[in-house]
Amino acid sequence: MIESLTGILDTAGTFIWGPFFLIPLLLGTGIYLTIRLGGLQLFKLIPALRLALFERQDKDAPGGDVSQFQALTTALAATVGTGNIVGVATAISIGGPGALFWMWVTGVVGMASKYSEAFLGVRFRTRDAAGEISGGPQYYLKRGIPNGFGTFLSLFFAIAAVLASFGIGNMTQGNSISANVESSFGVPVWITGLVLATLTLLVLVGGIKSIGKVTAGLVPVMIIFYVLGALYILIANVEAIPAAFALIFGDAFTGTSAVGGFAGSAIILAVQMGVARGIFSNESGMGSAAIAAAAAKTTHPVRQGLVSMTQTFIDTIIVVSCTGLVIVTTGVWDQGEDTAATMTGEAFAHGLPGTWGHLIVTVGLVLFAYSTILGWAYYGERCMERLFGRRAVMPYRVFFSVVVFIGATVPLAVVWSFSDVMNGLMALPNLLGLLILSGLIARETKHYLRNDPKLRATRDDVDAFMKDREGGIDTYELTNR
């Protein structure tokens with residue numbers, strides 16, 4: 001029965017994430033939004049990074065449960081995970097080094113999608129019965145598309161997101177942690193599972209404020225720790241970097257022929273794996289990050305949209321690049337698809353002295369995966385609140401924590417297949433919503449940036465140039481549903 005279910009899910013996942021359905025829709029939506037927004041992700045990246053990483057919050061901002069920086073780190077926590085370590089290796093092992101180029105392309109156009117969904121998340125957010133902010137596709141699809149179709153899309157997204165939270169946001173992450181800790185340190189999986197479940201519950205009981213505090217402290221440390229290890233290897237192999245870039249760019253447009261045990265690929269496979277794994281890593285277009293963005297204290301949706309946009313830059317252009325370049329420069333990329341799970345660890349072991357390589361990858365994977373659990377728990381609870389009201393939030397938190405233990409202690413082949421399908425089903429209604437609401441996004445973005453091109457406006461400044469104009473944060477009610 002399990003084998004039959006896995007086969008059905010694999011078939012569905014292959015179609016959903018194939019070259020003729022979700023991949024062109026995701027990539028096409030990102031390109032379309034990039035054009036409508038005038039390449040905003042390129043021209044406003046520097047001020048967006050300043051606002052996100054240095055200023056970190058809008059002073060005297062109305063509404064919101066956490067700072068802009070905490071909303072960003074919560075979203076980063078959910079995306080910087082096993083996809084940045086194992087996912088990159090899988091893409092390169094199957095699609096060749098050129099897959100990394102297409103991951104970059106996906107990241108750049110995906111920044112426009114991430115900006116747009118975060119903008120809408122703030123623009124159409126509301127409050128639940130306990131006074132906490134709720135927002136994301138499960139709300140902006142309903143409120144932004146005020147007809148039966150919008151309601152259908154919002155419910156479709158919420159159901160898929162809740163189911164996905166137990167897959168890619170829970171069981172697969174717990175399993176990765178317990179397996180790596182057992183392999184590296186000999187700790188039984190049940191002990192790791194028990195510790196993970198307990199820590200998760202303790203954090204989740206405090207809601208988004210607790211999650212935001214933990215991720216704000218954990219995410220920067222884990223990313224810096226991992227990136228520094230990768231940079232050491234790249235500096236030590238600096239002479240191999242030019243050849244690595246030449247291989248990546250050349251392979252992106254020619255494909256790689258079979259070499260030894262390597263599964264040869266043509267250009268279409270490089271594109272497919274690069275785009276699919278790029279989206280899997282940064283979640284641009286899936287709508288998940290908009291749920292965290294909605295909780296931010298900000299003076300205007302554009303400002304939080306730009307902050308959230310930097311998430312994709314950090315995830316793909318920085319962390320994914322570090323993993324991919326280490327794999328290519330150390331020469332382990334052509335060992336075959338079967339080695340993808342351990343390829344990044346082997347690459348770091350090649351580049352660092354002693355056992356430091358495997359240690360960095362193991363610790364990095366544990367931190368990445370645990371932070372993903374926390375981020376996705378918040379996504380799931382907000383969608384549960386949309387479906388069943390505030391009363392469903394605490395039972396969800398407890399059950400989610402129990403499932404972490406289950407995921408850490410049982411085999412999960414079918415869960416990976418299930419996760420791929422649910423992730424795809426989340427993206428579909430969100431992408432349709434982004435296309436339908438693109439006019440609102442483009443119009444209000446241009447108005448805001450015309451008045452605040454350097455993102456230095458105060459709350460009074462924003463109130464002044466948004467007076468009597470729809471589209472800003474003060475034009476809708478933050479009230480109980």
Heavy-atom closest contact (Thr344 atom, Val361 atom, distance): O-CG2, 3.9 Å
Test item: Gln138 side-chain N/O and Gly135 main-chain N/O as donor-acceptor pair under 3.5 Å: yes
Distance-only side-chain donor-acceptor flag, Thr172 / Ser419, under 3.5 Å: no
Ile318 and Phe313: CA distance, side-chain angles, deciding distance, side chain to side chain contact (heavy atoms under 4.5 Å, CB included) verdict: CA-CA 7 Å; Ile318 295 179; Phe313 176 82; 3.8 Å; yes
Straight-line distance of Leu40 CG to Ile35 CD1, nearest 0.5 Å: 14.0 Å
Any Leu72 side-chain heavy atom under 4.5 Å of Leu53 side chain: yes
Close aromatic pair by centroid cut-off 6.0 Å: Phe368 and Tyr226: yes
Flag side-chain contact, heavy atom, 4.5 Å: Ile441 against Arg36: no
Electrostatic pair Arg390-Glu132, nearest N-O below 4.0 angstrom: yes
Ring-ring centroid check Phe166 Phe418, cutoff 6.0 Å: no
Gly285 backbone acceptor or donor facing Ser113 side chain under 3.5 Å: no
Intermediate values then yes/no, side chain to side chain contact (heavy atoms under 4.5 Å, CB included), Leu33 and Ser438: CA-CA 7 Å; Leu33 291 170; Ser438 60; 3.9 Å; yes
Taking every non-hydrogen atom, the tightest pair across Ala118 and Gly305: CB-CA, 3.8 Å
Non-hydrogen atoms of Ala295 and Tyr378 that approach each other most closely: CB-OH, 3.6 Å
Side chain Ser93, main chain Thr90, donor-acceptor under 3.5 Å: yes
Reported OG1-to-CH2 distance for the pair Thr316 and Trp104, which is rounded to 0.5 angstrom: 11.5 Å
Straight-line distance of Met286 CE to Met422 CE, nearest 0.5 Å: 11.0 Å
Gly107 to Thr312 - nearest heavy-atom pair and separation: O-CG2, 3.3 Å
Whether Trp376 and Tyr379 hold their rings parallel, tilted or perpendicular, with breakpoints at 30° and 60°: perpendicular
Criterion side chain to side chain contact (heavy atoms under 4.5 Å, CB included) on Arg303 and Asp452, from CA distance to verdict: CA-CA 10 Å; Arg303 295 175 70 87; Asp452 183 22; 3.1 Å; yes
Gly121 versus Ala294, closest heavy-atom pair with distance: O-CB, 3.4 Å
Any donor-acceptor pair under 3.5 Å from Ser154 side chain to Thr151 backbone: yes
Passing candidate, side chain to side chain donor-acceptor pair (under 3.5 Å) with Asn84, options Thr372, Asp315, Thr323: Asp315
Distance-only polar pair, side chains of Arg459 and Thr299, donor-acceptor under 3.5 Å: no
Validation row, ring centre Tyr448 to ring centre Phe465 under 6.0 Å: yes
Flag side-chain contact, heavy atom, 4.5 Å: Tyr139 against Arg386: yes
Check: Pro453 main-chain N/O paired with Lys44 side-chain donor or acceptor under 3.5 Å: yes
Verdict with reasoning, Leu365 to Ser176, per side chain to side chain contact (heavy atoms under 4.5 Å, CB included): CA-CA 8 Å; Leu365 192 146; Ser176 295; 3.8 Å; yes
Within 6.0 angstrom of Phe21 CZ, more than 12 heavy atoms from elsewhere: yes
Interatomic distance, Asp58 atom CG to Gln68 atom CD [nearest 0.5 angstrom]: 4.0 Å
Non-hydrogen side-chain atoms of Cys383 and Ile291 separated by less than 4.5 Å: yes
Lys114 side, atom NZ; Ser288 side, atom OG - distance, nearest 0.5 Å: 6.5 Å
Flag side-chain contact, heavy atom, 4.5 Å: Val363 against Leu367: yes
Min side-chain heavy-atom separation Tyr140-Leu440 under 4.5 Å: no
CZ/Phe43: more than 12 non-hydrogen atoms of other groups inside 6.0 Å: no
Leu196 vs Phe405 side-chain heavy atoms within contact, under 4.5 Å: no
Thr79 side chain to Glu283 side chain, donor-acceptor N/O pair below 3.5 angstrom: no
Within-4.5 Å side-chain heavy-atom neighbours: Gln57 and Lys297: no
Contact summary for Leu306 and Ala48, nearest pair of heavy atoms: O-CB, 3.6 Å
CZ-OG distance between Arg123 and Ser116, expressed to the nearest 0.5 angstrom: 14.5 Å
